[in-house]
Enquirer: 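Shown below is the structure under consideration.
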Amino acid sequence: MSELSLQDVAVSYGRRVAVEPFSDTIAPGEWVGLIGPNGAGKSSLLRSIAGLVRHAGSIEVDGTRLGDLKDRERAQRVAYVPQEPLIPDDMTVTDYVLLGRTPYIGYWSSESKHDRDVVADTLERLRLGEFAPRLLGALSGGERQRVVLARALAQEAPILLLDEPTSALDIGHQQQALELVTELRHAQALTVISALHDLTLAGTYTDRLVMLHEGRVVASGSAADVLTAERLGEVYNVCVTVDVDPHDGAVIVVPRRGFPVESPTDA
Ligand SMILES: Nc1ncnc2c1ncn2[C@@H]1O[C@H](COP(=O)(O)OP(=O)(O)O)[C@@H](O)[C@H]1O
Ligand SMILES: [Mg+2]
């Protein structure tokens with residue numbers, strides 16, 4: 001299990017500041033959910049950890065600065081699933097998941113038996129074995145999502161970054177995908193950071209939430225601490241009630257009509 005530590009990580013695009021200096025330590029095996037409205041900086045923060053965007057500050061995995069590593073060394077430590085992965089329709093599932101092995105394959109060599117075994121194992125584990133020879137263009141949304149996750153897991157990195165992994169899925173497939181991440185993170189001792197849109201799901205599946213707003217952290221802690229109706233009202237400009245399930249303590253965010261309806265007799 002690996003610890004991910006961020007010290008004053010900041011991202012700007014030209015003069016536009018997307019992420020203000022951000023510091024946090026994600027404990028080995030922890031799952032942190034990044035929440036916040038569109039444009040809050042969630043993707044920029046994940047992309048900086050993945051090494052895809054220039055950033056200030058320092059990011060370390062188990063004390064090793066990621067900025068000091070070669071791309072392939074970094075990819076052996078951090079796997080990243082973008083918000084909208086590019087999925088070539090005419091590639092087979094196996095070939096796509098093999099791309100996850102790129103950091104282990106030498107420039108002039110091709111994949112080894114071990115690489116092929118890792119891919120086959122990963123596909124089995126994600127119940128995708130029968131899809132191995134299929135073309136990506138011939139998969140459903142939920143199947144494609146699992147294939148994208150399989151590619152990231154085949155990378156065998158201890159840190160997994162997921163950018164809104166469920167946004168294209170229906171409620172059943174959302175639950176399946178998050179259950180799968182739960183199962184895999186325990187089985188493979190992963191440290192996970194994911195941006196999640198659905199606040200109830202974010203609170204249910206993660207160990208801790210970090211809420212961003214306009215590039216700044218506005219709250220960090222348990223779902224019960226972070227997901228208050230008042231804060232959500234301020235940050236998302238939304239009217240919600242927040243209920244706590246008396247049996248398991250789950251925090252449930254329910255959108256409400258924005259304005260109290262006046263009864264005709266009041267007029
Ligand atoms: N490639 C980019 N170039 C310029 N501005 C960007 C780029 N990517 C994101 N931004 C801006 O940075 C801010 C944060 O965006 P993003 O990290 O995508 O937020 P989120 O994922 O929370 O919706 C937004 O204002 C967005 O417009
Ligand atoms: Mg985003």
Side-chain angles (χ1 to χ4, degrees), residues 3-11 17-49 57 83 160-179 181-182 185 191-263:
E3 177 185 271
L4 176 67
S5 163
L6 294 91
Q7 189 67 45
D8 293 325
V9 174
V11 181
V17 177
V19 180
E20 305 263 0
F22 176 96
S23 300
D24 200 342
T25 297
I26 293 97
E30 191 179 21
W31 183 354
V32 167
L34 285 180
I35 55 173
N38 293 331
K42 306 180 295 295
S43 294
S44 298
L45 191 57
L46 290 174
R47 287 166 55 81
S48 68
I49 303 167
Q83 198 165 341
L160 178 62
L161 310 176
L162 303 169
D163 199 348
E164 296 189 15
T166 58
S167 52
L169 303 177
D170 64 51
I171 186 170
H173 286 95
Q174 285 184 12
Q175 192 172 49
Q176 270 178 32
L178 295 174
E179 288 290 340
V181 173
T182 301
R185 74 150 172 151
T191 302
V192 183
I193 309 187
S194 61
L196 288 164
H197 246 315
D198 187 296
L199 299 171
T200 301
L201 289 178
T204 303
Y205 282 94
T206 66
D207 300 319
R208 177 159 65 93
L209 294 177
V210 173
M211 186 187 282
L212 295 176
H213 182 38
E214 295 172 350
R216 268 187 292 272
V217 175
V218 291
S220 169
S222 68
D225 289 341
V226 172
L227 300 175
T228 63
E230 192 184 0
R231 183 177 291 124
L232 293 172
E234 280 167 18
V235 170
Y236 284 83
N237 197 20
V238 69
C239 182
V240 296
T241 52
V242 178
D243 299 325
V244 178
D245 187 304
H247 299 294
D248 62 1
V251 178
I252 302 153
V253 178
V254 187
R256 297 286 184 194
R257 293 288 295 266
F259 302 97
V261 182
E262 286 176 27
S263 68

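No hydrogens, no waters, no symmetry mates; every other heavy atom, side chains included, goes into these values. Numbers here are sequence positions counted from 1.
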Enquirer: Mind checking whether Arg231 and Tyr236 have side chains closer than 4.5 Å, heavy atoms only?
Expert: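 Result no, sub-4.5 Å side-chain heavy-atom pair not found.
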Enquirer: With side-chain contact (heavy atoms from CB on, under 4.5 Å) as the test, would you mind laying out the steps for Ile35 and Val226 before giving the verdict?
Expert: CA-CA 10 Å; Ile35 55 173; Val226 172; 4.1 Å; yes
Enquirer: Is any side-chain heavy atom of Thr25 closer than 4.5 Å to a side-chain heavy atom of Glu3?
Expert: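 Yes, their side chains come closer than 4.5 Å.
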Enquirer: By side-chain hydrogen bond (donor to acceptor under 3.5 Å, both in side chains), which residues pair with Thr241, not counting sequence neighbours?
Expert: Arg256
Enquirer: Is there a side-chain contact between Val242 and Thr228 (heavy atoms, below 4.5 Å)?
Expert: no
Enquirer: State the CG-CG distance between Leu4 and Leu160, to the nearest 0.5 angstrom.
Expert: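 Spacing of CG (Leu4) from CG (Leu160) equals 11.5 Å.
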Enquirer: Does some side-chain heavy atom of Cys239 sit less than 4.5 Å from a side-chain heavy atom of Arg257?
Expert: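 No - every pair of side-chain heavy atoms lies 4.5 Å or more apart.
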Enquirer: Do Leu201 and Leu196 have side-chain heavy atoms sitting under 4.5 Å apart?
Expert: no
Enquirer: Taking all heavy atoms of His213 and all of Val235, pick out the closest pair and write down the distance.
Expert: CE1-O, 3.7 Å
Enquirer: Only one of Val192, Ile49, Val210, Thr191 forms a side chain to side chain contact (heavy atoms under 4.5 Å, CB included) with Ile26, so which one is it?
Expert: Thr191
Enquirer: Do the side chain of Lys42 and the main chain of Leu212 share a donor and acceptor less than 3.5 angstrom apart?
Expert: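 Flag not set: sc Lys42 to bb Leu212 has no pair under 3.5 Å.
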Enquirer: Do the non-hydrogen side-chain atoms of His197 and Asn38 ever get within less than 4.5 Å of each other?
Expert: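 Of all side-chain heavy-atom pairs linking Asn38 with His197, at least one is under 4.5 Å.
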Enquirer: For Ser194, what residues pass the side-chain hydrogen bond (donor to acceptor under 3.5 Å, both in side chains) criterion, not counting sequence neighbours?
Expert: Trp31
Enquirer: Quick one: side chain to side chain contact (heavy atoms under 4.5 Å, CB included) partners of Asp8, sequence neighbours excluded?
Expert: Pro21, Ser23
Enquirer: Please say whether more than 12 non-hydrogen atoms of neighbouring residues, nucleotides or ligands are located less than 6.0 Å from CG in Asp245.
Expert: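 Atom CG in Asp245 is packed in, count exceeds 12.
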Enquirer: Gln175: what forms a side-chain hydrogen bond (donor to acceptor under 3.5 Å, both in side chains) with it, not counting sequence neighbours?
Expert: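 side-chain hydrogen bond (donor to acceptor under 3.5 Å, both in side chains) check on Gln175 returns nothing, list empty.
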Enquirer: Between atom CG of Leu199 and atom CD1 of Ile252, what is the distance when rounded to the nearest 0.5 Å?
Expert: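 Nearest 0.5 Å value for the CG-CD1 distance: 13.0 Å.
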Enquirer: For Ser222, enumerate each residue passing the side-chain hydrogen bond (donor to acceptor under 3.5 Å, both in side chains) test, keeping only those at least two apart in sequence or located in another chain.
Expert: Asp225
Enquirer: Would you say Thr200's side chain and Val253's backbone share a donor-acceptor pair under 3.5 angstrom?
Expert: yes
Enquirer: Minimum heavy-atom separation for Val11 to Ser48, with atom names?
Expert: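 It is CG2-CB, 4.0 Å.
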Enquirer: The criterion is salt bridge (charged side-chain N to carboxylate O under 4.0 Å, His left out); which residues satisfy it with Arg208, sequence neighbours excluded?
Expert: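 Partners of Arg208 under the salt bridge (charged side-chain N to carboxylate O under 4.0 Å, His left out) test: Asp24, Glu30.
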Enquirer: Is there a donor-acceptor contact under 3.5 Å from the side chain of Gln174 to the main chain of Leu169?
Expert: yes
Enquirer: One pair to check against side-chain contact (heavy atoms from CB on, under 4.5 Å): Gln83 and Leu46. What are the steps and the verdict?
Expert: CA-CA 10 Å; Gln83 198 165 341; Leu46 290 174; over 6 Å; no
Enquirer: Atom CZ in Arg47, atom CG in Asp163: separation rounded to 0.5 Å?
Expert: 9.0 Å
Enquirer: Does Phe22 reach the side chain of Leu45, with side-chain heavy atoms less than 4.5 Å apart?
Expert: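 In contact.
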Enquirer: How far apart are the closest heavy atoms of Ala223 and Gly203, and which atoms are they?
Expert: CB-CA, 3.7 Å
Enquirer: Working to the nearest 0.5 angstrom, can you tell me the gap between Leu162 CG and Leu34 CG?
Expert: 10.5 Å
